[in-house]
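Take a look at the structure below.
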Amino acid sequence: MSDINAYKRDKEKWEQEKLIPAGQKLHMENPPRMYTPADLDGFDFKKDVGFPGEFPFVAGRHTIPLLSAFWGRGKTLGAGKAMKTAFGYSGCGTGSDLRDFYETEKGRGLSARGPNIAFDLPTQIGLDSDDERAEGEVGKVGVAVDTLKDFETIYENFIGDRGLDKISSNWTINGTANIILAMYIALAEKRGIPQSSLRGTPQNDILKEFIARGTQTFPIEHSMRMTRDTITYCTEHMPKMNTISISGFHMREAGATRVQAIAFTFANAMAYIQEAIDAGLDIDAFIGRTSFLNFGGGMEVFKEAAARRAARVVWAKIMRDKFKSQNPKHWIYKETGAALAGFWTATKQRPLNNWIRVAIGAAFSAMIGDAPVLSPPFDEPLGLGHSTEAGQFAGDAARIIIEECKLGDVQDPLAGSYYFEHLTKKYTDEISQTLEKIDSLGGTIKLVKDGWMKNEIVRSAVAFGKKMATGEEIQVGVNKYTEDDEIEIIPKLTPMYASIDRDSAEKRQLQNLNKIMEERDGNKVRSCLEKIENAAKDEKMNLIPLFVDAVKEYATIGEICNSLKNVFGEAL
Amino acid sequence: MNTNKKIRILMAKVGLDGHDKGVLLISSILRDAGMEVIYTGLRRTPAECVNTAIQEDVDIIGISILSDAHMSIAKKMVALMKENEIEDKPLLMGGVIPDEDITKLKEIGVAGVFTQSSTYEEMINFIHSAIKN
C-alpha cells in the first residue's frame, strides 16, 4: 500500500510539474496520460488475469487460443487458401443462382465447406415471394427461400464427400429460423441422412432483432417459445447442431456503446438460457451448443480489446455462479468471429482506408488471442456484396498479422500493462453494473418489450452523431481531412455477385413458386397447416416436428408463418 | 408558404429493411435544426407512407433504405405521389445507395439522395432550398 501511495504521489507531482505545463505550451487541454501501478490498486495477477483456459479466463478462453489452433503459424490453414474463405457469408437471387455461385466461386462464400447463407428479407420476416409486401425485395439482400424446393436446389451439389453429414451450414435468420431448420432436417431425411449427424448454426437470436435489426416476426413471448423449441428439440435429436448464435454486433452497429453491446448480449443470452432451464433442461446439457457471434467493435482498439477480455470474466461468473454450470468448459463464451474495428467505422469516402481500419482492429484481436478476422471488407460501404479484391485484401492482412507479425506466438501479450489491466477492470465493472441495472428495471424480456434497450442504443447513436457534427469525434475523410488536395483511391473491383442476373431474380423466383404450388398436394399442405395452428395454441408443444412435416409437403414459409400469426399475432 | 412556419418532414422506413439507426439519427438532427419530424416506424408500404404524408400535411418526405430495394420503392412512391397529387412535395432518399443508382433515382423524380458521404449541413440546406423552390 505504501508503494501505491508513493506512485500516486510521484505521478501527481509529474503531472502537475511537467505534464500539464508542457501540454499548456502546446495548447493541449488533455495531454496524453500515463498509467502506473497507482491505477491498478489491488490488482492480483492470479485472481484478475490467471492462465489461458482457466478461470477467470481473462488471459484467454482456451489453453491454446483459437487464433493459434486454427490459424497459427506452421498450420497449412494459416498459410493456405482457407483463410480467404473461412468466414464466407453469401446469398443472392434464387436457389439456383446461389447453387451456381458456390460452384463458380470455387469455395468462396462457403464456411467450413458448407454454405453460410444470407436470406432475403421476405424469407427472414416470413413472407412469400408473391406477397405484395415482398415486391422489390426478393433475392436482394440474400437468397429467396419459399419452400423446401429452394433448399433442395441450393444444396444440390452438397453430396458425397460434401454431403449434409460432412459439412456444417450457417443460416443467418432469426424469426423464421425453426422453419429453415425444419427444411434442413427434411432435406436430410429425403436423402436418407439421419438428423443426428447434421451440423450447423441458425442465428436464431430474436431479441437483438427487436432491439436493433428489425426482422422480428412474432411477438416476444412467442418468439422466445420458438427459441425454446430449437434448444429442446436439438438437445434431444440433433446433438451436433448449434441452437443459437447470440449477437452483439448488430446492437453495436445500431449505435450501442461497447459496454451496452456486451451487457445487452449477455442479458439476451441469459434470457434464452432461462427459457431452456424453465423447459426442464440442465444447463450443462445444452449450453455447449450455444454460441456467440461477436460484440462488434470500434476504432479505439485498446478499449475494444480490454472490453472483450472483461467480457470473458463476466460471462464465466454468470455461468459458474448464476447458472451453476458444473463444467468449466461451459464457462467460456464460444465465439469464433471478431470484429474489433466494427463495421460502422467503415467510410464510403476513400474506402481503402477501411482496410487500414480493420487491419488495425484485427491486429488487436490477435493480441488477445482472437481470430484476426478482417470485417468488413473495405468496399462494403459502396454497396451490397463486396468484391473479390476485398476478399484478397482481408485474407492477406490476416496472413501478414499471423505469419509476418507473428502475433499469435505469445499469449495475452498485453497482460500486466497498467493501462490495459486498468481498462479491463473498468469494463468488467461497467458490464456487470449494466447487467444489474437490467435486472433491477424488470429484466430483459420486459425491457426489450418496453423498448428500453432500443432507446438506450438510439440515445448513444445520437450522442455519437452529434459529436461527429461538432468534430469531437473524427472519421478521416468524412468530417476532417476533406480538402481538395486529398485524393480518392478506388482500386479495380470485381463485384461478388457479378455472375448473377439480379434484376430478373424476383421474376424467376415467382415462377419457381408458382410451379411448386401447382405440383404439390394442396390438401396435404392444408392439413399440415391446420395441425401447426392447433399445436401453436398449446404453449407446451414443440412445433419443429410439425414444421418438418409441412415443409416436406412444400408448404411455404409464408403459409406456415400465417398459421402461426393466426395464434401468436404479428410483431413489428 | 409562410417562411416562419416550421418545416414538417415525414421520415419513413419503407419496405422490409429494419435498420433504423440512420433514420432515427437524422430525425434527431433535423429536429435540432428546428424541423417537425413525423416518423413512421418500420416496414411501411409506399401507400401507407403517402397517406401519412397527406394526413400529416408534411412539406417534404424522406425515406431510408439500406436493403437495395430503393429503385422499386422510389418508382412506387413517385407514382403514388402523382396519383394523390402531392408530387409537389420533394421526395428524398437516404441509406446505402450505390453512386450509379443516384442518377437513376433523380431521373425518375427523387429530389435528393443522401448516403453516408453526406453531411448534416448538406441535408439541412438541401431541405430548405427544396421547399423554397
Side-chain angles (χ1 to χ4, degrees), chain A residues 92 120-125 127 131-142 209-210 212-216 250-251 253-256 344 346-349 380-385 454-455 457-466 468-469 475 477-479 482 495 502-503 506 570-572, chain B residues 13-33 37 39-49 63-77 94-102 104 113-124:
Chain A
C92 176
D120 70 4
L121 284 167
T123 308
Q124 291 186 47
I125 289 169
L127 303 177
D131 191 297
E132 71 171 348
R133 285 170 290 176
E135 201 187 327
E137 313 255 14
V138 177
K140 274 283 164 69
V141 299
E209 295 295 322
F210 281 97
R213 190 171 165 273
T215 69
Q216 57 273 27
H250 306 87
M251 295 187 279
E253 289 298 309
W344 60 279
T347 63
K348 187 180 179 195
Q349 296 88 334
E380 189 180 82
L382 302 181
L384 296 175
K454 187 179 182 77
N455 291 339
I457 289 174
V458 171
R459 218 194 307 266
S460 302
V462 170
F464 187 88
K466 289 183 178 166
M468 282 289 291
Q475 278 191 300
V478 177
N479 59 346
T482 54
R502 299 167 70 210
D503 290 340
E506 186 158 322
E570 193 167 352
L572 196 62
Chain B
K13 285 297 292 184
V14 182
L16 306 180
D17 173 35
H19 296 95
D20 56 5
K21 173 187 181 177
V23 73
L24 294 171
L25 172 60
I26 299 306
S27 294
S28 164
I29 298 291
L30 298 182
R31 281 194 190 104
D32 284 358
V37 178
Y39 172 54
T40 60
L42 295 180
R43 287 188 219 162
R44 296 296 120 198
T45 63
E48 286 170 330
C49 184
I63 290 179
S64 155
I65 299 179
L66 290 81
S67 70
D68 207 20
H70 46 268
M71 287 309 302
S72 68
I73 286 171
K75 282 179 196 158
K76 282 188 222 165
M77 281 298 300
V96 179
I97 295 169
D99 285 342
E100 58 268 28
D101 287 353
I102 294 178
K104 290 185 206 161
V113 180
F114 300 97
T115 68
Q116 57 165 302
S117 289
S118 318
T119 62
Y120 304 144
E121 202 185 349
E122 224 177 296
M123 293 180 214
I124 293 164

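Proteins come first, then strands; the chains are lettered A, B, ... in the order of their sequence lines, and each starts at number 1.
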Inset, instruction - State whether the number of non-hydrogen atoms from other residues, nucleotides or ligands found under 6.0 Å of B:Glu100 atom CD is greater than 12. - result: yes
Legend entry - Contact origin within B:Lys76 toward chain A - heavy atom pairs under 4.5 Å: side chain
Inset, instruction - Measure the shortest side-chain to side-chain distance between B:Ser67 and A:Lys140 over non-hydrogen atoms and say whether it is less than 4.5 angstrom. - result: no
Inset, instruction - Give, as side chain, backbone, both or neither, the part of B:Leu16 having an atom under 4.5 angstrom from any heavy atom of chain A. - result: both
Inset, instruction - Not counting sequence neighbours, which residues clear side-chain contact (heavy atoms from CB on, under 4.5 Å) with B:Ala74? List them please. - result: B:Met93, B:Leu105, B:Ile108, B:Val110
Inset, instruction - Could you tell me whether the side chain of A:Leu121 reaches within less than 4.5 Å of the side chain of B:Asp17, counting heavy atoms only? - result: yes
Legend entry - Part of B:Ser27 lying under 4.5 Å from any heavy atom of chain A: neither
Legend entry - Set of side-chain contact (heavy atoms from CB on, under 4.5 Å) partners for A:Arg502, sequence neighbours left out: A:Cys92, A:Tyr497, A:Ile500, B:Asp68
Legend entry - A:Leu382 portion near chain B, given a 4.5 angstrom heavy-atom threshold: backbone
Legend entry - Atom group of A:Glu253 that falls short of 4.5 Å from chain B, counting heavy atoms: backbone
Legend entry - Least distance between heavy atoms, B:Ser117 atom then A:Lys348 atom: OG-CD, 3.4 Å
Inset, instruction - Measure A:Gln124 against the heavy atoms of chain B and call it side chain, backbone, both or neither at under 4.5 Å. - result: neither
Legend entry - Segment of B:Ile29 engaging chain A (4.5 angstrom heavy-atom cut-off): side chain
